[in-house]
Amino acid sequence: MEFSIILRLTALNALCFLGILSKDIMALEPSFDVPIVNITVVAGKTAVLPCSIDSLGDFKVVWTDQFSTLLTLGEKRIIDDERMVLDRPHTKDWNLLLHDVKYDDRGRYTCQINTMPIKTKTIELIVLVPPTILDTSSNDLTAKEGDTVTLTCNVSGVPKPTVQWFRKPHADSRDQHKERVGINGETLIIHNITRYCDGIYECVAFNDVPPAVNRVISVMVEFPPEVWLVNQKLGQYVGKETILECKVTAFPQAVSIWKFQNQDLFNSFKHRIDVYQDRGHMLTLSLRLPNVTREDFGQYSCYASNSFGMDEETMILYEYFPPTTLTPAVTATAIPRHTTTINKRNRLFKSTIYNENELIPYNRTLNGHNPGNDSYSDGQQLEIRCSGAIVRICAPYSGRQGYNTGQTTSYHVGLLIFSSILSSIYLFDISCFMML
């Protein structure tokens, strides 16, 4: 009897133990099955903060930010920010979605389970920001030659953007090549700026978060005029049309005129003045003479001025005479074989000996050099009187680029022929003298 009672008590205790064990098994505490990670997102995009929980049971899940602000409780959003949404693609997922992320959203977010003690999982949200150029950056500017110019390109972004500087000529320049200038940084300083430093400056900011951004700044440099003449001398026939040209570089452009003998020229039946805009700050000032007369020969000046200074260059327009080669007339005279006189001997030698009175300097103002025109050497010329003919002998041809070499070559050939004739006369005179 007592033994049966003992068996019953033992069986009852076993059943109680099994019941308690099964209850403990069913009451396992929840746990996070995703490791802690950091989330990186670009501003303006959507961030997904993951939180996956096993064996949640009747416990609750909440999300808080770095300031311990309650964001969600269970499946409800607590904070008044519609960008935040609880996302549950699966039963154990309690993900927090943050749309249109802003830089101020960065920081630590915590997924919590209200167990005793509370279980938490923290996620660091890193927000990248593409580069932006601020309105406080430099705008287009104008400086005087010699000034110090400072260009700024204030930028923001995460991580801190790198700023590079480039320069290219203005749009009306032929050369549109962009070159790197200065060193990396938000400020570019140009010391003692010159006319050759003007152009379009561009700052480019990038931080490996696309897109890169840029800003262009136009820099204009004011400087006094600089005049350049295409020709220093120009020869022309009477009655022909002639065009004189000069190029003026200045900014700002102001007065540009042609002068003749220090008198200003204007459009008339004798003169036509045209202005052509060239590349950059350069213009071409053209003076057209449709019918050249001898009164038009002389000194012309191209004059330019602005508020920073003036410049003037002069040139000579002269009458052009084409070179001629004349063959002196040579008359053979029969001389008696046995007639000998001192006077005749002297007369025979005189035809081949030239003294100072027979060398006539040629007027240099009537002949000069000018590239691209029918002209000859600038060297001195001499006229030699010989047997009634006049022959011009030029100094050695200068050989500069742009001269009319064809006419000069023909002139040298004629000179060679003439020299041969003189040599023949000299030999003939010597023969006659020896015979006498």
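Computed from a predicted structure; not experimentally measured.
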Please report the closest heavy-atom contact between [X] and [Y], naming both atoms and the distance.
X    : Y    : result
I193 : V219 : CD1-CG1, 4.0 Å
G74  : L86  : O-CD2, 2.9 Å
P131 : F206 : CG-CA, 4.0 Å
N95  : W63  : C-NE1, 4.4 Å
E245 : W258 : C-CZ2, 3.8 Å
G309 : P225 : O-CD, 3.3 Å

With a 4.5 Å limit on heavy-atom distance, are the side chains of [X] and [Y] in contact?
X    : Y    : value
Y103 : L128 : no
D274 : R272 : yes
L151 : L141 : yes
D296 : K270 : yes
H170 : I200 : yes
N184 : V163 : no
T142 : E222 : yes
I39  : P50  : yes

Exercise for the section: Can you tell me which residue pairs pass the ring-ring contact (aromatic ring centres under 6.0 Å, His included) test with a partner in residues 285-310, sequence neighbours excluded? Expected result: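 As it turns out, the ring-ring contact (aromatic ring centres under 6.0 Å, His included) pairs with a partner in residues 285-310, which skip direct neighbours, are F260-Y300.
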
Could you tell me the separation between the [atom1] atom of [X] and the [atom2] atom of [Y], rounded to the nearest 0.5 Å?
X    : Y    : atom1 : atom2 : answer
I79  : L71  : CD1   : CG    : 5.0 Å
K60  : L73  : NZ    : CG    : 7.0 Å
R108 : Q66  : CZ    : CD    : 8.5 Å
L97  : L49  : CG    : CG    : 8.0 Å
N214 : I133 : CG    : CD1   : 6.0 Å
T64  : I78  : OG1   : CD1   : 12.5 Å

Problem - D87/V48 under side chain to side chain contact (heavy atoms under 4.5 Å, CB included): CA gap, chis, key distance, verdict - result: CA-CA 9 Å; D87 182 34; V48 179; 5.6 Å; no

Could you tell me whether a side-chain N or O of [X] sits under 3.5 Å from a main-chain N or O of [Y], the two making a donor and an acceptor?
X    : Y    : value
D264 : K259 : no
N231 : L234 : no
N207 : P159 : yes
D278 : M282 : no

Step through the shown structure and confirm whether more than 12 heavy atoms of other residues, nucleotides or ligands are within 6.0 Å of [atom1] on [X].
X    : atom1 : value
K102 : NZ    : yes
Q261 : CD    : yes
R180 : CZ    : yes
R88  : CZ    : yes
D208 : CG    : no

Problem - Evaluation steps, side-chain hydrogen bond (donor to acceptor under 3.5 Å, both in side chains), between Q236 and T242 - result: CA-CA 7 Å; Q236 185 57 282; T242 297; 3.2 Å; yes

Residues that [X] engages under salt bridge (charged side-chain N to carboxylate O under 4.0 Å, His left out), provided they are two or more places apart:
X    : result
D105 : R83
E313 : none
D147 : none

Set of residues satisfying side chain to side chain contact (heavy atoms under 4.5 Å, CB included) with respect to [X], sequence neighbours excluded:
X    : answer
L134 : T136, N154, S156
R167 : E179, V181, D198, Y201
L56  : P30, I53, F59, V61, W94, I113
N192 : none

[Y] and [X] side chains, donor-acceptor separation under 3.5 Å:
X    : Y    : result
T249 : E226 : no
Q112 : T110 : no
T152 : S138 : yes

Exercise for the section: Just do the side chain to side chain contact (heavy atoms under 4.5 Å, CB included) check on E241 and N291 with the steps written out, would you? Expected result: CA-CA 5 Å; E241 181 184 57; N291 186 13; over 6 Å; no

Problem - Evaluation steps, side chain to side chain contact (heavy atoms under 4.5 Å, CB included), between E29 and S31 - result: CA-CA 7 Å; E29 290 189 355; S31 62; over 6 Å; no

Exercise for the section: Classify the ring geometry between F251 and H281 as parallel (under 30°), tilted (30 to 60°) or perpendicular (over 60°). Expected result: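 Judged by the thresholds at 30° and 60°, the geometry between F251 and H281 is tilted.
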
Practice task
Among residues two or more places apart or on two chains, list those pairs meeting side-chain hydrogen bond (donor to acceptor under 3.5 Å, both in side chains) that have a residue in residues 40-59.
Solution key: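 side-chain hydrogen bond (donor to acceptor under 3.5 Å, both in side chains) check on residues 40-59 returns D33-S52, T46-H99, S52-D93.
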
Problem - Inter- and intrachain pairs under side-chain hydrogen bond (donor to acceptor under 3.5 Å, both in side chains), touching residues 114-131, at least two apart - result: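 As it turns out, there is no side-chain hydrogen bond (donor to acceptor under 3.5 Å, both in side chains) pair with a partner in residues 114-131 once direct neighbours are skipped.
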
Practice task
With side chain to side chain contact (heavy atoms under 4.5 Å, CB included) as the test, would you mind laying out the steps for I316 and Q232 before giving the verdict?
Solution key: CA-CA 6 Å; I316 301 296; Q232 298 295 327; over 6 Å; no

Exercise for the section: Not counting sequence neighbours, list each pair that qualifies as a disulfide (SG to SG under 2.5 Å) and has a residue in residues 176-238. Expected result: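 For residues 176-238: C153-C203.
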
Practice task
Not counting sequence neighbours, list each pair that qualifies as a disulfide (SG to SG under 2.5 Å) and has a residue in residues 243-305.
Solution key: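 Only C246-C302 qualify under disulfide (SG to SG under 2.5 Å).
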
Exercise for the section: Give a yes or no on whether a salt bridge exists between K168 and E202, defined as a side-chain N under 4.0 angstrom from a carboxylate O. Expected result: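 Salt bridge: no.
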
Practice task
May I ask you to say whether E186 pairs ionically with K160, meaning some side-chain N is under 4.0 Å from a carboxylate O?
Solution key: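 Answer for the salt bridge query: yes.
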
